[in-house]
Every structure is written in structure tokens, then in C-alpha cells.
Number of protein chains: 2
Amino acid sequence: MIDKLEFLLALARERHFGRAAEACGVTQPTLSAGVKQIEEQMGVLLVLRGSRFQGFTPEGERVLEWARRIVGDTRNMRDEINALRHGLSGRLRIAAIPTALAMVAALTTPYREKHPNVQFTILSRTSVEILELLENLEIDAGITYVENEPLGRVSMIPLYHEHYRLLTSADAPLGTRDSVTWAEVAQVPLCLLTPDMQNRRIIDRLLKSAGGDSRPTLESDSMILLFSHVRTGRWASVMPEKIAQTLGLTDNIRAIPITTPNAVQTIGLVVPQREPMTPTTAALVEVAKKVAPGLHD
Amino acid sequence: MIDKLEFLLALARERHFGRAAEACGVTQPTLSAGVKQIEEQMGVLLVLRGSRFQGFTPEGERVLEWARRIVGDTRNMRDEINALRHGLSGRLRIAAIPTALAMVAALTTPYREKHPNVQFTILSRTSVEILELLENLEIDAGITYVENEPLGRVSMIPLYHEHYRLLTSADAPLGTRDSVTWAEVAQVPLCLLTPDMQNRRIIDRLLKSAGGDSRPTLESDSMILLFSHVRTGRWASVMPEKIAQTLGLTDNIRAIPITTPNAVQTIGLVVPQREPMTPTTAALVEVAKKVAPGLHD
DNA sequence: ATGGGTTGATAGGCAAAACCTATCAATGAT
DNA sequence: ATCATTGATAGGTTTTGCCTATCAACCCAT
């Protein structure tokens, strides 16, 4: 029964019988039969078909919601019993927005000291993708903005504040200043993240309300790429203070505070709102709460 | 998998492999094999055996906790989909403390008007048993005291207040009074519920703190039995106002308010704290909330 | 229009599982 | 010592689950 519910979850993820079957490690007819069997048990059509997958019926959506919960709880049960036997072990899957990648180590390092048998998988994703992955049980926790765009059924633990800096060469026009305004930044050609990233949308908003428009000369989904351009001394960018520090400032590159407004975004750990959590996730929340006091910086 | 978890729940209820198997509609070897299979999947012994059932291991207790949730959610899913198809239907299982039995009709009657296809099963149980039944998913809702003894993971909706009355013949010593004190009541030979009922424990407490001791001349677990004795005119009892009214007062029998203190107990609807609820249960909560305004009486 | 490519349903067959009956071993009570 | 109770085990049958192969509907392009 639970396997069949997993079929349904895979189908919701992949929106394709064949791929969903592959994801579950079965053949397409097997998955089809499984879905049909749930439909028979429930006595309702759950999936709209018409020679191809066309989404779920309203009943299907409800079953999906329950399936997520039931499948999730079943995994949590397994994990918890495993933890009782072997101490914390297994794999913790985390996804973080690119600008937060630099601070993930602040969580994983103390975590690993307490629970050396836990392995990590850490993905770089957009804030929207992170929420989807959480929803689909594909990650255990996310690190993303906690206050801007709506989150789902999740708990969040604030981790730190994102302060923005203009990264630019000391030779460049604004390079010698101690602080600059967003209006001034709006005049500079910038390297920024792509618009699917929330960080970019935030910066666009700030630039716009300072009267500029956002015409970055270069876009990328990789912070490394942005930073490597800045490092040549011939490009500028706007980045959170933390990641600029982590990537390392050379003598020639300066990270100048941007004022008017002094924009601040809170970044936090986001975990599924479910009681009780897996022991590995609960331990991560513990670590996050210890790290959080460094929230005022 | 879910079937196996149900085996485990049945075993926890029955504490006996054979009876648990019967309750699940399978033979004893099948249930034994099912339990063993879960143990193998988890990699831990869950049940302590020694030629007979001896309880659960700590891991077993945890699995049991999860199993309750998973099995419960699975049933809720079924119920919800059924409700989407046929409107509210099925069976609503309620257990109430004896003193609250008279007011159950105040819930079932408006419920039935809205949802005529729902059938009811209503059990008379002690408050402790009600909580156990809720825990084991054997009832959907309970009606019991909401403030005295600790409840578990449940939501409660207050329904009404229980005020105590001395039921006695007008010929009896206190029979002509407009109110009596607990100290006076303590002098009268009473018919009361058995001590496993919380109502009895509450009355005992009140009598004791009024300086009396509780030596009822007659104990029973049936309100009907108590009331029929009072009705002879030769016995007295302490009962909540509501049930005395419902059972019907003859000219000769009076229900006299008891003061000093003017004891009040809140009775409420208690349902599993789980989101979302089954549609039938949710509808019951709705009805209860409408009834609740009558809470001040 | 028509043919190739895609997608999900269907049919047939085999292996695994789930379940039953019958029986056994251990324990406890009389 | 004997019998009753309880859960485990063995052996056999049915059911389920899954696979391969194939089909029908549809989409799109030529």
C-alpha cells in the first residue's frame, strides 16, 4: 500500500508515467497498475489521463496530500529506529540558496562533530525549488529567505542577516568610498545572479526603488562565476557580506556597505513542519538554534 | 506494510497474538509472521516474547507511536475521499462518560439533520477508557472532563458545565431545602457511581474537603440504576443537573443545588489532535462549537 | 493526409508473497 | 505428572506483484 502511494508521489513529481516508474525502480505497467489499484480502493479516479498524463482530479490532489504525509511519516519512523540502534546515521539532504552556501559549513561542522556518522548531500537551488523539494520529501531541510515570499507548511529557524555590499575594484569610480547608496549602485554595470534567484529579485527591487533599473552586464546562476569576474578588477557586483568575506577579498577588491536603505534580509533553516521530526533533522535544528545567536551581526 | 502496522496496533490492544490476529481477521501465524517482518525491516526486536506476549521493547513503543499515526492517517484519507464522493457518510464512533450521556443527543440531533447518512455508535465509558480508545483509534471522539486529569494529544471543545445537585425525596431530611452544602450532603447516605468513574472521584473530593467521608450505601456504573433507586423516594444521590433533568423529576423528587463550594466541572468534546481531521469528525467539531455557546448555564 | 514518435493501457506468464491448516515446543497451572 | 495455553514452525495453496511484449490513441511533422 505504501509503495503504491509512493508511485503516486513520483507521478506527481515527474508528471509522466514512464519517468515516475523509473524513479520508483519499476516498469511503467507496474506503476500504472499500482495507481489503478489505489483508484479502485478509493473508488474514485485520481489521475486524469488522455493518452498522456494530464494532472490529478480534485480527489487525487487530496490523496496526494495524504500520501505525502503517510510516506513521510513512514520514512521518519525508519530513520528514528535506525538512530536508536546506531546513533545518528544516514544522510542529511540539504538545499541552500547560492548566497547562503558559504554559511552552510557553520551548520555542518558542529553537526559533524556531534554526529560523525551522518553524511551530507548539499544542493544549490533557488528558493522556489527548495520549497518544492521540501514538499516532495526530496530534501530534509532548506536554507533560504524566511520572510519575503510565502513558505508552505514548514518551520523556520533564523540563522543570520544578509547585508549587501558593493564588490568592486579600488580603482573603479566608487572604489574608494566608505559607503555608497543604492542610487549610486544603480549607475554601475553589475554582475548579478539570474532572475530566477530570489537574491536577484531583491536587489532588482532595491535598485528600482532607488530610481535605477537593473541592466546587469552579466548574469549567472553561480556565485563563483560572479566572484571570479569581480576579482579581475574590471567587474562589479552586489553580494551579501558573508559570502564576499568567505570567498576572500584581495587588497584590490573592496566590499563597500550600501545604504539608503540599509537593506537586510533574514536567512533561515527551513524544515518540514511535522511532529516529531527525524532525529537527524531534529539535531540539525538544534545546531541551527545554537548558531542563531550570531544572528545580530 | 500498512496492514502489518495494523497487526502491531492490534497486538498492543489485545496483548495476545491469537486475539490480535482474530481482531485483524487473519490467523495467528499470519500475524506472527507480519510482526516478525516489521522487526526484520527495522532490524530491531519490537515485541518481547517468552512463550507468551510480554510487552514491547523501547523501539517497539516508538514504532507503535508511528504506526498509530500512519494507520490513522490512512483511514482519514479513505474517509475524506469517501466524503467527497458520497457526502458525509460512514460511522462516527463516540464514547462518553455516563454523566454526559444525556447531552450526547444535543450533538447527534443537529448532526443528523445536516448529515443524515452518518451512523453513530455511542459507548458509555470511564474518562480513562475514553482516552485509551481515542489513542487506539477505536473511537473518533470522546465526551469527558476537559480540565481535571491529564489528556493526551487531543483537541478539546468545551460543551457545557456540570453543576451538582442533591437528588432526594421531598420527605427526606434535606428534602425541603432550596440549597444544601457539601458538608450537609456528606451526612446523607448516597447512591454514587463506582470509583473508576471520574465523576465519583470528583464528588469524593468535594465531600472530603467538606469534612465528610464518602461511604455510599450503593455504587453502580449505571446512571439509570442510580436514578431508579432515587426515584423510589428512599435513596439519595448527587448528580449533574443536566442528567437529572433529562431523566425526569417527579413531583416527589427534588434536585437541590449544592453550595460551599459551588463546584463546576467543564465537559467537552475531545478529538485526536491531527490535521486535517476526518470530515465526519470535523463536522462533529463544528456542531460542538455551535452547541458550546450554551456553555454558560 | 500520412507516417514516425511518444505515451499510457492491456495481455500473458512467472516468481514472490501472503495466508491458511496442521503441528510442535515451551510454559504454567492443577 | 498432566493438561491447557500460547506463540513458533512447516508445508502447501492462492494471490499479488512485476516483467516483457504488444497495442491503441494521440501528436506532430512532412
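Owing to the predicted nature of the structure, the values given are computational and were not obtained by experimental measurement.
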Report which part of the nucleic acid A:Thr27 touches: base, sugar-phosphate, or nothing (heavy-atom distance under 4.0 Å, all strands).
base
Nearest-Å distance for atom pair CE/P, residues B:Met1 and C:dA17
15 Å
Taking any heavy-atom pair under 4.0 Å as a contact, classify A:Thr30: base, sugar-phosphate, or nothing.
base
How many Å lie between CZ on A:Arg19 and C1' on C:dG8, as a whole number?
13 Å
What is the distance from CD of B:Glu22 to C1' of D:dG7, rounded to the nearest Å?
16 Å
Quick check on DNA chain D: between A:Gln28 and A:Asp3, whose nearest nucleotide comes earlier from the 5' end?
A:Asp3
Specify the separation, in whole Å, of atom CZ of A:Arg52 and atom P of C:dG5.
16 Å
For B:Lys36 and for B:His16, find the nucleotide of DNA chain D with the closest heavy atom, then tell me which residue's nucleotide is more 5'.
B:His16
As a test of understanding, state which of B:Arg200, B:Arg201, B:Lys208 forms a side-chain hydrogen bond (donor to acceptor under 3.5 Å, both in side chains) with B:Asp204.
B:Arg200
Steps toward salt bridge (Lys or Arg N to Asp or Glu O under 4.0 Å) verdict (B:Glu80, A:Arg62):
CA-CA 8 Å; B:Glu80 182 177 322; A:Arg62 296 300 308 143; 2.3 Å; yes
For a quick check under 3.5 Å, do B:Arg91 and B:Thr121 share a side-chain donor-acceptor pair by atom type?
yes
Do the charged groups of A:Arg13 and A:Glu135 touch, with an N to O distance under 4.0 Å?
no
Would you kindly give the CG-to-P distance between A:Leu11 and C:dT7, to the nearest whole Å?
13 Å
Just N and O in the side chain of B:Gln54: are any of them under 4.0 Å from OP1 or OP2 of D:dT6?
no
Whole-Å gap separating C1' (C:dA9) and CZ (A:Phe53):
16 Å
Check whether any side-chain N or O of B:Ser32 sits under 4.0 Å from OP1 or OP2 of D:dG7, and answer yes or no.
no
Are OP1 or OP2 of C:dA9 and a side-chain N or O of A:Arg49 less than 4.0 angstrom apart?
yes
To the nearest angstrom, how far is A:Glu6 atom CD from D:dC18 atom P?
12 Å
Side-chain donor-acceptor pair present, B:Ser32, B:Gln28, cut-off under 3.5 Å
yes
How long is the line joining CG of A:Leu48 and P of C:dA9, in whole Å?
12 Å
Side chain of B:Gln37 (C-beta onward), nearest among C:dT7, D:dA10, C:dA17:
C:dA17
